[in-house]
J.: 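The structure is given below, and queries will be raised subsequently.
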2 protein chains.
Amino acid sequence: MSDPSAHEESHLKVLRLLDSNPLMSQRDLSDALAISLGKTNYCIKALLDKGFIKMQNFRNNKNKLAYVYLLTPLGIEQKSRMTVEFLQIKVQEYEHLRLEIAGLKQEAEQNSLREQQ
Amino acid sequence: MSDPSAHEESHLKVLRLLDSNPLMSQRDLSDALAISLGKTNYCIKALLDKGFIKMQNFRNNKNKLAYVYLLTPLGIEQKSRMTVEFLQIKVQEYEHLRLEIAGLKQEAEQNSLREQQ
DNA sequence: TATAGTGCGTTCAATTACTGAACGCGTTAT
DNA sequence: ATAACGCGTTCAGTAATTGAACGCACTATA
């Protein structure tokens, strides 16, 4: 995929997940996104590098050292921007898929007619 | 992509294209599918290997040597099977996308409300 | 207190996926 | 003749992705 929006989409998904739950580990994220741990780490680093998220140590009520990934103000702003951007892209994909399904349906019907003869 | 259905989808698309126009060259196919020539060639070879298509020399009315890629009876059968299979997959994707769009829309609206305050 | 176990972020060699320039060949145009 | 063209084919190079392994800090167990 040399499509730049492919990376961007992972970034948006991570931002959305972390915004709803900053406690997610990189392994949680890779499960949720169905991508490898390495790729998730690569993505997190990019978001840190861009200043969209920050990594923060904290101790929870069981005195366990852990991390939270918090969206920065810039990250929140970018998340909004990317949300609108992908909304448009997704609507286009939706229409494309609708047409593709229509084509497949038509063909499937033709095939079953052919079998009946 | 270790997803086996990714290959399969290319195969189905090639079968559909060739069924509608056996005169398409590998370059035509790579344009239509927006994939590289090398990948198209790899795909064609796989379909030949499986016996789904056959490659046939012919001479058109201008005495030009050329190839046609014809679907075999097995290829026609497989194309039908794969069409039904992907119809189901695509419908699922469609629903998934619908939900994703709904989520994005809701979020975009929340963001614009936040901006107004 | 010692020690094993757990979960975390991180790394990176290996694998897989993909590209597209280049080639040989036969046809077509000059 | 000979250049130009389009075809399938090849393959070295690059991009993308994986996941086992590592060190570290905390937790549970003896």
Side-chain angles (χ1 to χ4, degrees), chain A residues 1-15 17-18 21-72 75, chain B residues 1-15 17-18 21-72 75:
Chain A
M1 279 184 257
S2 59
D3 181 9
S5 70
H7 268 77
E8 294 254 316
E9 185 161 1
S10 297
H11 289 185
L12 176 57
K13 285 182 178 173
V14 169
L15 289 177
L17 285 168
L18 291 181
N21 181 12
L23 287 171
M24 290 185 84
S25 70
Q26 292 184 16
R27 281 170 177 81
D28 291 337
L29 291 170
S30 58
D31 285 345
L33 299 171
I35 60 178
S36 71
L37 181 57
K39 189 178 175 181
T40 302
N41 183 260
Y42 185 77
C43 182
I44 289 285
K45 278 186 178 171
L47 292 174
L48 286 168
D49 189 60
K50 290 183 178 178
F52 291 0
I53 60 175
K54 60 182 172 182
M55 205 172 168
Q56 209 167 70
N57 270 332
F58 85 110
R59 290 176 181 275
N60 67 9
N61 54 6
K62 287 179 183 171
N63 199 29
K64 181 182 185 282
L65 183 66
Y67 289 99
V68 274
Y69 297 101
L70 297 172
L71 269 65
T72 64
Chain B
M1 279 183 257
S2 60
D3 181 8
S5 71
H7 269 70
E8 294 253 316
E9 185 161 0
S10 298
H11 289 185
L12 176 56
K13 284 181 179 173
V14 169
L15 288 177
L17 285 168
L18 291 180
N21 180 12
L23 286 171
M24 290 184 85
S25 71
Q26 292 185 14
R27 281 171 177 79
D28 291 337
L29 291 170
S30 59
D31 286 344
L33 299 171
I35 60 177
S36 70
L37 182 56
K39 189 177 175 181
T40 303
N41 183 261
Y42 184 78
C43 182
I44 288 285
K45 278 186 178 174
L47 292 174
L48 286 168
D49 189 58
K50 289 183 177 179
F52 292 180
I53 60 175
K54 58 183 173 182
M55 205 172 168
Q56 209 168 69
N57 270 332
F58 86 109
R59 291 174 181 277
N60 67 9
N61 54 8
K62 286 178 183 171
N63 200 31
K64 180 181 184 287
L65 184 66
Y67 289 99
V68 273
Y69 297 100
L70 298 171
L71 270 65
T72 64

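All values below come from the heavy atoms of this structure, side chains included, with hydrogens, waters and symmetry mates left out. So that the names make sense, note that chain A is the first sequence line, chain B the second, and so on, each numbered from 1.
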J.: Output yes when at least one side-chain N/O atom of N41(B) is less than 4.0 Å from OP1 or OP2 of dG8(D), else no.
T.: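 No.
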J.: Starting at atom OH of Y67(A), determine the distance to atom C1' of dC26(D), rounded to an integer number of angstrom.
T.: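 Rounded to the whole Å, the gap is 12 Å.
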J.: Any side-chain N or O of Q26(A) less than 4.0 Å from the OP1 or OP2 oxygen of dT10(C)?
T.: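 Answer yes for this pair, as a side-chain N or O of Q26(A) is under 4.0 Å from OP1 or OP2.
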J.: Roughly how far, to the nearest 0.5 Å, is the NE2 atom of H7(B) from the NZ atom of K39(B)?
T.: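 The NE2 atom of H7(B) is 7.0 Å from NZ of K39(B), to the nearest 0.5 Å.
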J.: Side chains of L29(B) and L18(B): does their closest heavy-atom pair fall under 4.5 Å?
T.: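 Heavy-atom side-chain distance check passes, below 4.5 Å.
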J.: Between dG19(D) atom P and I35(A) atom CD1, what is the distance in whole Å?
T.: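 The distance from CD1 of I35(A) to P of dG19(D) comes to 12 Å, rounded to the nearest Å.
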J.: The side chain of S36(B) lies closest to which of these nucleotides: dG20(C), dG9(C), dG8(D)?
T.: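 Comparing dG20(C), dG9(C), dG8(D) against the side chain of S36(B), the answer is dG20(C).
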J.: Between dT17(D), dG9(C), dA21(C), spot the one nearest the side chain of L37(B), thanks.
T.: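 Among dT17(D), dG9(C), dA21(C), the one nearest the side chain of L37(B) is dA21(C).
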J.: Given atom CD1 of I44(A) and atom C1' of dT11(C), what is their separation to the nearest angstrom?
T.: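 In whole Å, dT11(C) C1' and I44(A) CD1 are 16 Å from each other.
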J.: Grab the CG-P distance between N57(B) and dG8(D) for me, whole Å please.
T.: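 Atom CG in N57(B) sits about 11 Å away from atom P in dG8(D).
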J.: Between K45(B) (NZ) and dC11(D) (C1'), how many Å, whole number?
T.: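 Checked: the NZ to C1' distance equals 10 Å.
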J.: Side chain to side chain contact (heavy atoms under 4.5 Å, CB included) with I53(A): which of L70(A), T72(A), I44(A)?
T.: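 Exactly one option meets the side chain to side chain contact (heavy atoms under 4.5 Å, CB included) with I53(A), and it is I44(A).
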J.: Without decimals, in angstroms, what is the distance between M24(B) CE and dG6(D) P?
T.: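 In whole Å, dG6(D) P and M24(B) CE are 16 Å from each other.
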J.: Identify which nucleotide among dG9(C), dT18(D), dG8(D) has an atom closest to any side-chain atom of K39(A), counting heavy atoms from C-beta outward.
T.: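 Shortest atom-to-atom distance from the side chain points to dT18(D).
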J.: With a 4.0 Å cutoff (strictly under), does any side-chain N or O of Y69(A) reach OP1 or OP2 of dG9(C)?
T.: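 For Y69(A), the contact criterion (side-chain N or O under 4.0 Å from OP1 or OP2 of dG9(C)) is met.
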J.: Measure the distance from CG on L47(A) to P on dG9(C) and round it to the nearest whole Å.
T.: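 Rounding to the nearest Å, CG of L47(A) and P of dG9(C) are 14 Å apart.
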J.: With hydrogens left out and only the distance checked, is there a donor-acceptor pair under 3.5 Å joining R27(B)'s side chain and the base of dG6(D)?
T.: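 No such pair is found, so the answer is no.
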J.: In Å, rounded to the nearest 0.5 Å, how long is the span from CD1 of I35(A) to NZ of K13(A)?
T.: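 These two atoms lie 9.0 Å from each other.
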J.: Let me know the distance between CE of M55(A) and C1' of dT10(C), rounded to the nearest Å.
T.: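 The distance from CE of M55(A) to C1' of dT10(C) comes to 9 Å, rounded to the nearest Å.
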J.: Specify whether Y69(A) and Y67(A) have parallel, tilted or perpendicular ring planes, treating 30° as the upper limit for parallel and 60° as the lower limit for perpendicular.
T.: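 Plane angle under 30°, so parallel.
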